[in-house]
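This structure is a prediction, so every number in the text was calculated from the model and none was measured. For ligands, and for the atoms within them, numbers begin at 1 and follow the listed sequence.
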Amino acid sequence: MAKAYDHLFKLLLIGDSGVGKTCLIIRFAEDNFNNTYISTIGIDFKIRTVNIEGKKIKLQVWDTAGQERFKTITTAYYRGAMGIILVYDITDEKSFENIQNWMKSIKENASAGVERLLLGNKCDMEAKRKVQKEQADKLAREHGIRFFETSAKSSMNVDEAFSSLARDILLKSASRRSGNGNKPPSTDLKTCDKKNTKCSLG
Ligand SMILES: Nc1nc2c(ncn2[C@@H]2O[C@H](COP(=O)(O)OP(=O)(O)OP(=O)(O)O)[C@@H](O)[C@H]2O)c(=O)[nH]1
């Protein structure tokens with residue numbers, strides 16, 4: 001029987017409680033959205049297979065609880081992740097400030113060389129915006145990672161964000177196999193804003 005996929009990538013979402021991690025995963029895996037807030041307890045995952053560069057990539061997306069009291073459980077999952085998505089809420093300044101702490105947590109707990117991606121979620125709530133896109137752009141550049149503004153509610157940039165991370169992991173593993181540890185130039189830092197719904201992936 002033909003294999004159902006070419007690669008399996010494990011991704012992890014982290015960020016403060018309430019920024020929309022669960023909703024982003026549900027939008028990506030099931031194309032659904034719910035306004036009711038049920039805080040994640042511990043950890044959970046969903047699966048979706050995507051097609052990238054002619055390869056079937058099975059994405060196992062792990063959802064972590066943002067609440068401090070679950071930290072010991074959730075950080076134990078960092079090590080197995082090939083990609084980590086850091087999420088803040090564009091209407092919540094504190095969640096953006098805390099991205100620095102989440103970055104630190106990655107450094108302390110994840111494998112070296114893990115791919116990272118920054119997402120500013122809830123970009124459908126423009127009237128309540130507290131974090132400017134330029135601030136997040138700057139932060140992403142400082143850390144050499146990509147950045148998207150997303151909305152789990154409207155779907156804006158959700159598929160693009162997950163695909164972009166999967167593609168970076170794919171290219172990285174391909175270049176590692178060919179003996180070139182560096183990223184190909186086409187994957188160099190690129191940022192996408194909410195207007196850029198058709199964000200090209202290089
Ligand atoms: N307007 C808007 N609301 C959103 C969006 N994403 C999530 N929400 C709402 O934000 C609240 C929290 O969403 P969750 O996905 O549960 O947040 P979380 O980050 O998983 O929270 P924890 O599990 O506590 O870590 C819910 O009421 C969602 O409906 C979005 O893109 N736009």
Side-chain angles (χ1 to χ4, degrees), residues 10-48 59-78 80-81 83-106 109-110 116-133 135-137 139-140 145-165 191-199:
K10 292 180 187 173
L11 310 181
L12 187 77
L13 271 80
I14 61 175
D16 282 8
S17 185
V19 296
K21 300 179 294 298
T22 303
C23 287
L24 282 165
I25 295 173
I26 290 174
R27 172 59 76 195
F28 177 66
E30 297 167 1
D31 199 14
N32 226 326
F33 179 80
N34 197 326
N35 269 313
T36 351
Y37 177 29
I38 303 164
S39 201
T40 306
I41 311 253
I43 191 136
D44 193 11
F45 77 89
K46 291 205 181 290
I47 288 193
R48 181 174 155 193
L59 297 177
Q60 194 180 76
V61 190
W62 290 82
D63 184 13
T64 62
Q67 287 178 42
E68 185 68 30
R69 64 195 169 110
F70 296 114
K71 211 152 192 176
T72 317
I73 305 170
T74 55
T75 49
Y77 285 80
Y78 284 36
I84 298 186
I85 302 180
L86 299 114
V87 188
Y88 69 92
D89 171 353
I90 71 147
T91 72
D92 175 2
E93 207 157 0
K94 187 82 195 144
S95 73
F96 178 68
E97 284 165 16
N98 274 337
I99 289 294
Q100 295 284 17
N101 297 329
W102 291 109
M103 288 281 192
K104 203 164 149 244
S105 195
I106 293 178
N109 298 289
R116 295 163 302 160
L117 172 72
L118 178 65
L119 298 187
N121 192 39
K122 307 195 187 178
C123 72
D124 55 285
M125 296 173 82
E126 189 56 46
K128 293 194 172 164
R129 178 188 285 274
K130 296 273 164 39
V131 183
Q132 298 311 313
K133 197 184 155 282
Q135 294 171 258
D137 250 336
L139 184 70
I145 64 175
R146 292 181 203 269
F147 161 62
F148 292 83
E149 284 197 342
T150 56
S151 167
K153 190 171 185 171
S154 77
S155 298
M156 177 82 79
N157 274 340
V158 176
D159 277 8
E160 288 81 353
F162 280 93
S163 299
S164 136
L165 182 59
T191 57
C192 306
D193 66 11
K194 66 187 175 61
K195 290 188 199 100
N196 194 0
T197 51
K198 286 226 163 17
C199 202

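Contact record, Phe33 with Arg27: CB-NH2, 3.4 Å, taken as the closest heavy-atom pair. When all heavy atoms are compared, the tightest approach of Ile99 to Val87 is CD1-O, 3.8 Å. Between Lys122 and Gly20, the shortest heavy-atom distance links the atoms CE-N, 4.5 Å. Residue Leu118 comes nearest to Ala136 through the heavy atom pair CD2-O, 3.8 Å, listed as atom of the first residue, atom of the second, then distance. Listed here is the closest heavy atom pair of Leu117 and Ile145: C-CD1, 4.2 Å. Thr91 and Lys130 get closest at one heavy-atom pair: O-CG, 3.4 Å.
Set against the non-hydrogen atoms of Lys21, the atoms of ligand 1 under 4.0 Å away are 15 (O), 17 (O), 18 (P), 19 (O), 20 (O), 21 (O), 22 (P), 25 (O). Of all atoms in ligand 1, listed by their number and element, those nearer than 4.0 Å to a heavy atom of Asn35 are 26 (C), 27 (O), 29 (O). Of all atoms in ligand 1, numbered sequentially from 1 with element shown, those under 4.0 Å from a heavy atom of Thr22 are 15 (O), 20 (O). Of all atoms in ligand 1, numbered sequentially from 1 with element shown, those under 4.0 Å from a heavy atom of Ser39 are 22 (P), 23 (O), 24 (O).
Looking from atom 1 (N) of ligand 1 to the surrounding protein, the closest heavy atom is Asp124 OD2, 2.9 Å. In this structure, atom 31 (O) of ligand 1 lies nearest to the protein heavy atom Ala152 N, 2.8 Å. Among all non-hydrogen protein atoms, the one lying nearest atom 10 (O) of ligand 1 is Lys122 NZ, 3.1 Å. Looking only at heavy atoms of the protein, atom 21 (O) of ligand 1 is closest to Gly18 N, 2.9 Å. For atom 13 (O) of ligand 1, the nearest non-hydrogen atom of the protein is Gly20 CA, 3.7 Å. Regarding atom 6 (N) of ligand 1, its nearest protein heavy-atom neighbour is Asn121 ND2, 3.2 Å. Of all protein heavy atoms, the one lying nearest to atom 26 (C) of ligand 1 is Tyr37 CB, 3.7 Å.
Among the atoms of Thr40, some N or O lies under 3.5 angstrom from an N or O of ligand 1. By the 3.5 Å distance cut-off applied to N or O atoms, Phe33 is not counted among the residues near ligand 1. For Asp63, no nitrogen or oxygen atom sits less than 3.5 Å from a nitrogen or oxygen atom of ligand 1, counting backbone and side chain alike. Considering backbone and side-chain N/O of Ser17, one or more are found under 3.5 Å from N/O of ligand 1.
Under 3.5 Å, the side chains of Ser95 and Asp89 contain no donor-acceptor pair of N or O atoms.
A salt bridge between Lys133 and Glu149 is absent, with no side-chain N of the basic residue lying under 4.0 Å from a carboxylate O of the acidic one.
Leu165 is not listed as a side-chain neighbour of Arg146, based on a closest heavy-atom distance of 4.5 Å or more. Two residues are said to be in side-chain contact when any heavy atoms from C-beta on lie closer than 4.5 Å; Phe162 and Leu13 meet this criterion.
Comparing Asn34, Thr64, Ile26, Val19 against atom 29 (O) of ligand 1, the shortest heavy-atom distance belongs to Asn34. Considering Gly15, Gly66, Gly42 only, the shortest heavy-atom separation from atom 25 (O) of ligand 1 involves Gly66.
By the criterion of a heavy-atom distance under 4.0 Å, both the backbone and the side chain of Cys23 are placed next to ligand 1.
In this structure, the separation between OG1 on Thr40 and CH2 on Trp62 is 13.0 Å, given to the nearest 0.5 Å.
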